[in-house]
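Below, each value reflects all heavy atoms present in this structure, side chains not excepted, and no hydrogens, waters or symmetry copies.
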Amino acid sequence: MCGIVGYIGSKDVVSVLVEGLRMLEYRGYDSAGVAIVRDGRVDLRRSAGKLSNLESVIVAQPIAGDYGVGHTRWATHGRPTEENAHPHRDCTGRIVVVHNGIIENYLDLKHELQLQGHKFVTETDTEIVAHLVEREMKGDGLENAVRRALMFMRGLFALVLISADDPEKIVTVRNGPPIVVGLGDGEFFVASDIPAILNHTRDVVFLGDEEMGVITRHGVSFTDFFGRPVSKATQRVLWDPIMAEKAGYKHFMLKEIFEQPTAVRETILGRVSQDSGRVFLEEMAISEERLATVDRVTILACGTSWHSALVGKFIIEQLARLPVEVDYGSEYRYRHPIVDKRSLAVVITQSGETADSLAALREAKREGACSIAICNVVGSMATRETEGTIYTHAGPEIGVASTKAFTSQLVALYLLGLRLGQVRHALSLADSRPHVNALLQLPLLLELALKLAPQVEEVAARFLTRTDFLYLGRGINYPIALEGALKLKEISYIHAEGYPAGEMKHGPIALIDERMPVVSIAPHDAVFEKMISNMQEVKARGGSVVALTTRGDDKLWSILDRSHDFVLELPPAPRLLSPIVNVVPLQLLAYDIAVRRGCDVDQPRNLAKSVTVE
Ligand code: AGP
């Protein structure tokens with residue numbers, strides 16, 4: 001979950017590192033630090049809290065140097081203090097390491113190293129790496145010391161190291177969390193994610209698992225952990241640097257909400273034929289014959305991606321007539337799941353790094369399932385561990401609260417549902433055509449949904465001091481109730497629950513009083529009348545209703561009261577696409593409330609964008 005960056009080249013090292021860390025701050029913001037080498041010495045600057053604190057430290061005590069590494073932390077082992085901030089050092093202060101992940105056997109190693117005389121000054125697992133490498137330095141280069149040290153470590157980790165005793169060299173290894181090496185003109189970068197280096201280069205190499213990169217001013221060499229050369233392909237990243245900037249928006253989250261029409265358009269582009277109705281998903285890399293044998297789909301995901309999975313169940317079951325089960329990545333492997341060679345496991349993950357989702361995927365694969373990822377990050381773990389990937393072309397999502405990745409995932413699931421339906425002959429091309437046409441209209445519907453922004457602000461202004469919210473939806477819009485509630489919780493810290501509207505009377509109705517806003521997702525569909533009944537039940541108990549419905553509604557105001565309630569009218573959308581449209585005002589509502597409450601929208605407390613620990 002932490003952010004790592006390293007640089008060697010002729011630019012101002014500190015600026016490159018700090019700028020890179022700014023682009024990675026979404027990965028963790030409990031503390032930050034840099035280590036710079038100059039004249040055979042390593043200088044450190046670190047600070048608890050956000051990157052801005054580190055910047056103040058650097059202004060007060062400037063440093064400069066020839067090359068260096070930086071880190072922004074999401075605390076796992078040890079409190080978020082300056083002392084526990086990376087980079088960490090060995091006893092001599094000449095070996096420095098930054099780390100993402102967990103060294104699982106660090107306590108045993110620490111004990112052993114302490115007995116050998118090593119002095120520890122932090123509560124972190126990371127510090128043992130510096131001491132282990134110190135112990136293993138035998139005059140044959142930092143990379144060989146790191147290789148020997150690796151033999152003692154257990155866990156999933158990405159590391160970047162420098163040593164003043166082996167100057168002009170940065171060593172990086174990957175055993176789980178991602179590492180990308182950037183190739184510039186006479187300069188080289190290493191980072192845990194592409195946005196950190198996008199301003200400098202788009203030519204990158206993704207380190208594979210159990211691989212090492214040795215970076216000098218003259219080039220990069222790649223080997224496995226045993227020193228055997230590995231040949232790596234350079235990839236050109238298509239993301240534009242501007243995509244990772246706020247571009248005039250107050251927050252990344254707001255920018256990303258407004259980018260949804262584009263993100264969705266890009267995700268559809270080139271994958272459908274309007275004339276034939278055909279869907280092209282070659283990147284799934286699973287043969288038609290194999291797909292035709294699939295008799296069950298298991299979707300594995302966490303958080304917002306799990307909400308997409310719930311919507312995906314409706315889409316795939318309707319379009320492909322295949323049974324779909326959805327599970328939390330964090331739960332799947334703790335039961336004895338029914339999965340075999342005829343199963344298709346779909347892991348949905350924006351980052352491609354979520355440890356729980358990856359562990360669940362591995363479990364399904366172990367039982368023989370074929371697997372695909374729906375993912376937004378090229379080269380990430382999920383894409384490497386599955387047979388194929390349907391990429392969501394949403395561009396970098398920096399706000400911790402997922403928005404455009406979510407709607408793009410739903411589009412990817414729709415494409416998957418159509419494709420499976422076609423391969424299994426559950427859906428003819430003629431029957432596919434209206435779906436394809438509807439998909440192509442989706443960006444326009446999203447533009448219209450975004451026009452609700454001023455009305456949503458009024459809702460936010462009315463309810464911003466409330467302490468609890470209930471979100472209700474039915475059928476395919478029940479997951480949208482969950483997602484609306486999650487968005488509000490994570491960025492405004494207001495307690496919110498999403499519920500299937502029909503279940504309200506079995507418990508949550510006891511919570512309703514005049515302080516409780518109830519957000520009801522009630523498009524004009526088969527369950528509209530039932531949603532009206534639920535809203536009446538809320539009104540009868542004094543609650544306020546915020547109803548999301550289809551434009552042209554004339555029924556709702558007969559049961560709602562203009563001085564207490566709100567109706568937000570959305571453009572008509574086909575049932576399977578309506579969740580994608582309905583979620584937009586809920587994202588805006590969470591955003592507006594959080595901003596009005598003075599919350600840190602892009603970096604909410606305790607959270608990180610990529611959850612790489614189980
Ligand atoms: C979304 O707003 C959250 N921050 C979080 O629930 C997220 O969706 C979850 O951690 C899964 O992430 P992934 O899609 O990168 O796997």
Side-chain angles (χ1 to χ4, degrees), residues 448-475 477-478 480-489 492 494-573 578-579 581-597:
L448 294 172
L450 287 166
K451 290 198 190 310
L452 282 175
Q455 282 166 264
V456 175
E457 280 204 46
E458 288 174 37
V459 182
R462 171 81 61 81
F463 295 122
L464 81 136
T465 57
R466 301 297 170 91
T467 53
D468 304 274
F469 274 68
L470 187 60
Y471 286 70
L472 299 178
R474 280 177 183 260
N477 279 299
Y478 158 54
I480 299 307
L482 294 175
E483 175 61 7
L486 177 64
K487 287 286 92 87
L488 188 67
K489 272 186 276 213
S492 74
I494 294 175
H495 169 245
E497 274 191 67
Y499 237 80
E503 285 293 302
M504 182 178 64
K505 56 188 173 295
H506 298 290
I509 199 164
L511 295 170
I512 292 173
D513 62 14
E514 61 289 345
R515 299 278 311 149
M516 175 71 96
V518 180
V519 181
S520 303
I521 304 151
H524 288 176
D525 59 14
V527 289
F528 179 56
E529 304 290 338
K530 295 199 191 303
M531 286 301 301
I532 289 192
S533 305
N534 297 132
M535 284 184 253
Q536 275 174 320
E537 288 157 11
V538 171
K539 291 310 299 171
R541 285 153 186 89
S544 302
V545 169
V546 179
L548 262 60
T549 192
T550 309
R551 199 168 53 205
D553 175 76
D554 51 4
K555 283 209 186 104
L556 283 180
W557 282 124
S558 62
I559 61 155
L560 301 180
D561 163 2
R562 286 184 193 273
S563 56
H564 287 99
D565 307 312
F566 289 89
V567 175
L568 300 171
E569 293 192 10
L570 288 152
S578 79
V581 182
N582 293 335
V583 77
V584 172
L586 302 186
Q587 296 166 340
L588 288 168
L589 181 62
Y591 173 81
D592 288 337
I593 290 179
V595 169
R596 282 167 187 269
R597 287 166 69 97

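- Scored by the side-chain hydrogen bond (donor to acceptor under 3.5 Å, both in side chains) test, Q455 finds no partners at all (sequence neighbours excluded).
- Of all the heavy atoms in L511 and M516, the pair that sits closest is CB-CE, 3.7 Å.
- For A460 against L589, the heavy-atom pair with the smallest separation is N-CD1, 3.9 Å.
- Put simply, the side chain of V459 does not reach to within 4.5 Å of the side chain of V519, judged on heavy atoms.
- The side-chain heavy atoms of T549 and H524, taken from C-beta on, include a pair separated by under 4.5 Å.
- If you take CE on M504 and CZ on R474, they are separated by 9.0 Å, rounding to the nearest 0.5 Å.
- Dense packing is recorded around NZ of K505, with more than 12 heavy atoms of other residues, nucleotides or ligands lying under 6.0 Å away.
- Residues D565 and M535 are not in side-chain contact: their nearest non-hydrogen atoms beyond the backbone lie 4.5 Å or more apart.
- Residues T550 and P571 come closest through the heavy atom pair CG2-C, 4.4 Å.
- Scanning both residues, I559 and K539, for their nearest heavy atoms gives O-CG, 3.9 Å.
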Intermediate values then yes/no, side-chain contact (heavy atoms from CB on, under 4.5 Å), I532 and L556: CA-CA 7 Å; I532 289 192; L556 283 180; 4.1 Å; yes
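- Within the 3.5 Å criterion, the main-chain N or O of D592 finds no donor-acceptor partner in the side chain of E457.
- With rounding to the nearest 0.5 Å, the separation of CD in E497 from CG in L488 is 12.0 Å.
- Summarising the geometry of R596 relative to A461, their closest heavy-atom pair is NH1-CB, 3.5 Å, with the distance given to 0.1 Å.
- You'll find the side chain of E514 stays beyond 4.5 Å of the side chain of H564, heavy atoms only.
- Using modelled atom types, no side-chain atom of K487 and backbone atom of Q587 make a donor-acceptor pair closer than 3.5 Å.
- R466 places a side-chain N or O within 3.5 Å of a backbone atom of R515 that can act as its donor or acceptor partner.
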Would you please test V518 and L472 for side-chain contact (heavy atoms from CB on, under 4.5 Å) and show each step? CA-CA 7 Å; V518 180; L472 299 178; 3.6 Å; yes
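- Judged purely by atom type and a 3.5 angstrom limit, S492 has no side-chain atom pairing as donor or acceptor with the backbone of A590.
- Taking CG of L560 as the reference point, atom OG of S544 lies at 10.0 Å (rounded to 0.5 Å).
- Rounding to the nearest 0.5 Å places OG1 of T465 at 8.0 Å from CD1 of I494.
- Contact annotation: the side chain of M531 never approaches that of N477 to less than 4.5 Å [non-hydrogen atoms, C-beta and beyond].
- Looking at R541, its side chain does come within 3.5 Å of a backbone N or O of E537 through a donor-acceptor pair.
- Annotation: side chain of V546 is in contact with side chain of F463 (closest heavy-atom distance under 4.5 Å).
- Annotation for P585 and V456: closest pair O-CG1, 3.8 Å, computed over non-hydrogen atoms.
- Note: N582 CG to L568 CG = 10.5 Å, rounded to the nearest 0.5 Å.
- With sequence neighbours left out, Y471 forms a ring pair (Phe, Tyr, Trp, His ring centres under 6.0 Å) with no residue at all.
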